[in-house]
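In listed order, ligands and their atoms are each counted from 1. Everything numeric in this text was worked out from a predicted model, so none of it was measured.
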Amino acid sequence: MRCRRCGEKAEIYLKRHNTAFCSSCFQVYYSEQVKRNIKREKMFKPNDRILVVVSGGKDSMALWHILLKLGYNVTGMYINLGICGYSDRSQEVVERYSQANNAPVIIKNIEKEYGFSIPALAREIRRSTCSLCGTIKRYLFNKVALDGGFDAVATGHNLDDEAATLLGNVLSWQEGYLARQSPVLPSTHPKLVKKVKPLYTLTERENLAYVLFNGIEFIHEECPHALGASSILYKEILNKLEDESPGTKQRFLTNFYKKGKKFFEKYSEPVKLNECKICGQVTTAEICSFCRLRQMAEKKKVDSMPQEGEDF
Ligand code: SF4
Ligand code: ZN
């Protein structure tokens with residue numbers, strides 16, 4: 001098979017576009033997609049300061065790399081969640097990339113800075129590790145971006161992630177979530193920083209190809225807490241549909257934005273936002289979820305060390 005752009009030997013076939021590229025033409029296709037997404041969705045301007053959330057996985061490493069390559073003013077941000085083994089290994093990947101590419105990165109360590117680990121607190125207060133993790137990550141993304149004067153927080157969500165989220169929201173008819181799902185979550189309060197997803201039209205496989213073609217190191221293992229997540233099942237179902245009918249995932253997501261989303265707009269009621277009485281961050285309550293978690297950790301005196309073997 002030949003590359004559609006240059007006629008050289010193709011190295012990747014994109015079934016949904018019925019086209020094939022050599023590695024260098026694939027990178028042109030990839031960067032055009034990212035540039036188009038940023039422009040079409042007005043994600044950020046050329047001189048904006050962007051905080052890129054990096055986990056060490058292929059998607060966020062691809063995003064960090066492409067935004068730097070496109071000349072944006074980018075700083076990485078890594079949060080060490082205290083997930084036994086996995087967090088330290090992924091932090092090393094991020095630090096090596098930062099050093100090798102002279103790319104600034106901000107590292108946050110929950111255990112060192114706040115005195116508790118997410119798995120230990122989740123056990124103690126009988127909540128799911130992922131729900132705590134989501135709360136803490138959202139809080140820190142916004143706080144670090146706000147304190148550092150960043151214009152936007154960029155995440156590596158890809159087409160597979162976004163289509164799986166959409167499928168989950170449709171299956172349970174979550175009108176509010178459907179109204180809010182978007183490649184850009186605008187700032188609705190002076191203390192809320194805009195969130196953007198520049199890779200939302202690129203698949204996991206395309207991000208993997210991008211990091212492999214560029215020799216970018218990434219952590220291959222998944223977070224151990226991801227096992228059994230419903231999003232994995234939705235991705236598998238969508239992949240089966242995609243195999244039978246290439247382009248299904250993209251049509252599902254982009255046609256939702258073009259045709260379906262407008263029917264849910266009435267469910268996107270503006271919520272009253274307050275500033276947390278303890279930390280000043282935005283919340284719908286008097287005290288934000290993060291500060292409440294910190295209070296719980298303090299009350300329970302959560303042992304910051306995960307118990308033996310529980311996180312694998
Ligand atoms: Fe956090 Fe891991 Fe759950 Fe993802 S899978 S939300 S990183 S605990
Ligand atoms: Zn707070």
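- Classification of Arg96 and Glu217 as a salt-bridged pair holds, one side-chain N sitting under 4.0 Å from a carboxylate O.
- Ionic pairing of Arg89 and Glu221 is present here: one or more N-O contacts between side-chain nitrogen and carboxylate oxygen are shorter than 4.0 angstrom.
- A donor-acceptor pair is defined here as one N or O able to donate and one able to accept, closer than 3.5 Å; no such pair exists between the side chain of Ser245 and the backbone of Leu241.
- Using a cut-off of 4.0 Å between Lys/Arg side-chain N and Asp/Glu carboxylate O, Lys45 and Asp151 are scored as not salt-bridged.
- Heavy atoms of other residues, nucleotides or ligands lying less than 6.0 angstrom from CG of Asn47 number 12 at most.
- A salt bridge does not link Glu242 to Lys15: none of the charged nitrogens lies less than 4.0 Å from a carboxylate oxygen.
- Using a 4.0 Å heavy-atom criterion, the residues that approach ligand 1 are Leu81, Ile83, Cys130, Cys133, Lys137, Cys223, His225, Ala226.
- By the criterion of a separation under 2.8 Å, the protein N/O/S atoms near the Zn ion (ligand 2) amount to Cys276 SG, Cys279 SG, Cys288 SG, Cys291 SG.
- The main-chain N or O of Asn158 is found under 3.5 Å from a side-chain atom of Asp161 such that the two form a donor-acceptor pair.
- Residues Lys272 and Asn274 bring a donor and an acceptor atom of their side chains to less than 3.5 Å of each other.
- Between the side chain of Asp160 and the backbone N or O of Thr203, no donor-acceptor pair lies under 3.5 Å.
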